[in-house]
Amino acid sequence: MKLILEELSLEQFIELFSLVMNVPKEGLTLETSKDEIGNWDSFSHLRLVSELEEKFEIIIPYGDIPNLKRIGDFLKYLKE
């Protein structure tokens with residue numbers, strides 16, 4: 001159930017985020033917040049969580065999901 005972060009480059013993560021949110025990856029950084037992405041609504045937020053959990057065999061605790069407000073907030077779940 002653990003993912004070694006080296007298996008996921010920042011670029012790959014940004015690409016996945018871009019795909020799920022349907023926004024161009026250019027300009028996205030770890031500091032990009034949901035307030036800056038018009039497509040980042042509750043549905044796309046849950047879709048991103050689901051995609052990450054499925055693709056990388058991780059579990060993001062339900063209570064933590066509302067606190068994921070920046071792209072970088074997701075990365076801590078991809079570390080051991």
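Quick note: residue numbers are just sequence positions, from 1. Worth knowing before you read on, the calculation uses all heavy atoms, side chains too, and leaves out hydrogens, waters and symmetry mates.
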Would a 4.5 Å heavy-atom cut-off, applied to side chains only, mark [X] and [Y] as touching?
| X | Y | value |
| --- | --- | --- |
| Val20 | Leu52 | no |
| Phe17 | Thr32 | no |
| Val23 | Trp40 | no |

Please check this pair: side chain of [X] against backbone of [Y], looking for a donor-acceptor N/O pair closer than 3.5 Å.
| X | Y | value |
| --- | --- | --- |
| Ser44 | Asn39 | yes |
| Glu36 | Ser33 | yes |
| Asp64 | Ile60 | no |

Q: Find out if a path of hydrophobic residues (ILVMFWY) with successive side-chain heavy-atom gaps under 4.5 Å connects Phe43 to Ile65.
A: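 Different clusters.
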Which distance, rounded to the nearest 0.5 Å, do you find between the [atom1] of [X] and the [atom2] of [Y]?
| X | Y | atom1 | atom2 | result |
| --- | --- | --- | --- | --- |
| Phe74 | Leu48 | CZ | CG | 4.5 Å |
| Leu19 | Arg47 | CG | CZ | 6.0 Å |
| Leu75 | Leu30 | CG | CG | 5.5 Å |

Q.
According to side-chain hydrogen bond (donor to acceptor under 3.5 Å, both in side chains), does anything in residues 17-28 pair up with another residue at least two apart or in another chain? List the pairs.
A. Glu15-Lys25
